[in-house]
Number of protein chains: 2
Amino acid sequence: MRDIRETAMRPAQPGAMRLETGCDQCGARASNVCSTLAFKDLDRLARIAEPMIFAPGQSFIRESSPAEHFFNITSGTARLFKMLADGRQQITGFAGEGHFLGLAVPTAYAYGAEAVDTVRLCRYPRQRLMRLLAEFPAMERRMLEEVSNELVAAQEQMLLLGRKNARERIASFLVRRMAITPLRHGVALPRIAMVRLPMARRDIGDYLGMTIETVSRTLGTMKREGMIAIPDPARIVIQRPAALLALANGLA
Amino acid sequence: MRDIRETAMRPAQPGAMRLETGCDQCGARASNVCSTLAFKDLDRLARIAEPMIFAPGQSFIRESSPAEHFFNITSGTARLFKMLADGRQQITGFAGEGHFLGLAVPTAYAYGAEAVDTVRLCRYPRQRLMRLLAEFPAMERRMLEEVSNELVAAQEQMLLLGRKNARERIASFLVRRMAITPLRHGVALPRIAMVRLPMARRDIGDYLGMTIETVSRTLGTMKREGMIAIPDPARIVIQRPAALLALANGLA
DNA sequence: CGTTGTGTTGATATTAATCAACAAGTGTGG
DNA sequence: CCACACTTGTTGATTAATATCAACACAACG
């Protein structure tokens, strides 16, 4: 693990500086920590960051362990999960580039985290980061915004888990993923979209509250209906986005 | 709706003042907005508060409507819910005395809110409150804390909805409610506890992702097993708290 | 070239939903 | 005051959806 390098980008507005953290090792960048920090603050933040890299399957947060660190993913996808004693697992979310982990944890982590594919991230000692944060109200506001977004997503997921059937769950998942996939020109609903699924069927099931068999069967049915195509298990082509969206919202 | 009255309590620490908001009309108090505001700040906050009262069943937040207000419940219980077009409903949480509503909403409310029993609350114009907040970092931190707690609860609920069976869901619900009921001396797990359920079976079902029939049947089974007693539909006596807790965590 | 992991598909079991009936409580109007 | 409608909760019978158990195809890998 080598030194972190911080980059000051061209100011979006006069007097404002965009923060970008990354690491020499992986070359990745995350630019969503805070948008209004002074140059010297960037420096102080970067100085306490520890860049790390994790292979697929590696765990980097253990549920219920003391929350000593704060994480900022720079590339790859991680699964965040809660477990029951008998091994039943619920994935509460997937965290990708730019996501924060360890925000909503007063003392102990409320969930575990594992790398889905190769994950690069920057780790910050929690105490030191918190002391820094206290000095930068803008950063605190950015964190509130981030946690709020997560909460909205969590509420949406509760609706899915509590009230949607298998087809609607898969459709909702694909629609959400479609939004995550970077779209050219920011078009909201392209005629045909490709969704990448870096996670295994097991993870999709544990995220949507169903078994791998039901995930597979439901995808198979949609494929037979011409709603989607599956060139390989990790890629889904959305052939009828409008129909999928309607299904996701229980309108079909 | 009359004037709001603000009360300055004896300072917990020198220089710190505890905030308490309430309304003359209902007499209720909520003292958890912020614990470290100067006296003049209390005054400014209280000046923009609008005390309101809602009868059982009344709606005071409509899903997807512009988030123009921020709410602080002073007494009673409200249900927060999301709906699908065909009427399926998921209650994302119950909000009681001291809870904040409308925090995690950038532009539009992500959920609707209705009074379960008689609800008294203080409403704050969002814009004006936000301007005030910007001046009080302590308050912003308190909000982050609140949203974080909600997020942790939401993740716990995802585990429940995605992976627990009917018995485990009901057990988890009762255990959670048990924690909410104020306990004398703060004892964590009393030998016998009483849980009040101000909400109807319909609401419990919509919260736990099951039908009213399954809620009723599951409670009936637990009663027959001697795990709980049901003096009337709105009160549950926990007769074997340890067994209930084990069941809630999937250990039975 | 066997081994292992992943995804798919089929047959069966199980859980909870649905449909239905009814009891008890509540409010209304005559 | 009673008759009535209406709501809520409970329980029973049946159905439907998904889980479970099982087999197998296929790719990756030593």
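Chain identifiers are assigned alphabetically (A, B, ...) following the order of the sequence lines, protein sequences preceding nucleic acid strands; residue numbering begins at 1 within each chain.
Of the candidates A:I204, A:L80, A:L197, A:D203, A:D203 is the only one forming a side chain to side chain contact (heavy atoms under 4.5 Å, CB included) with A:F94.
Here C:dT8 presents its P atom at 11 Å from CD of A:E213, a figure rounded to the nearest Å. Rounded to whole Å, atom P of C:dC22 lies 16 Å from atom CZ of B:R217. Between B:I230 atom CD1 and C:dA24 atom P the separation is 16 Å, expressed in whole Å. As rounded to whole Å, 13 Å separates atom C1' of C:dA17 from atom CG of A:N165. If you measure from atom CD1 of B:I170 to atom C1' of C:dT15, you get 15 Å, rounded to the nearest angstrom.
Contact annotation: side chain of A:R202 to base of C:dG7, donor-acceptor pair absent below 3.5 Å.
Taking the six-membered ring for Trp and the full ring otherwise, B:F60 and B:F54 have centroids separated by under 6.0 Å. A:F100 has its ring centre no less than 6.0 Å from the ring centre of A:F71.
At a threshold of 4.0 Å, the pair A:R167-A:E225 counts as salt-bridged, since one of the basic side-chain nitrogens sits closer than that to a carboxylate oxygen.
An OP1 or OP2 oxygen of C:dA17 is reached within less than 4.0 angstrom by a side-chain nitrogen or oxygen of B:T214. Phosphate proximity of C:dA17 to B:T211: present, with a side-chain N or O under 4.0 Å from OP1 or OP2.
Surrounding CZ of A:R202 are at most 12 heavy atoms belonging to other residues, nucleotides or ligands under 6.0 Å away.
With a cutoff of under 4.0 Å to any heavy atom of chain A, the contacted region of DNA chain D is bounded 5' to 3' by D:dT18 to D:dC21.
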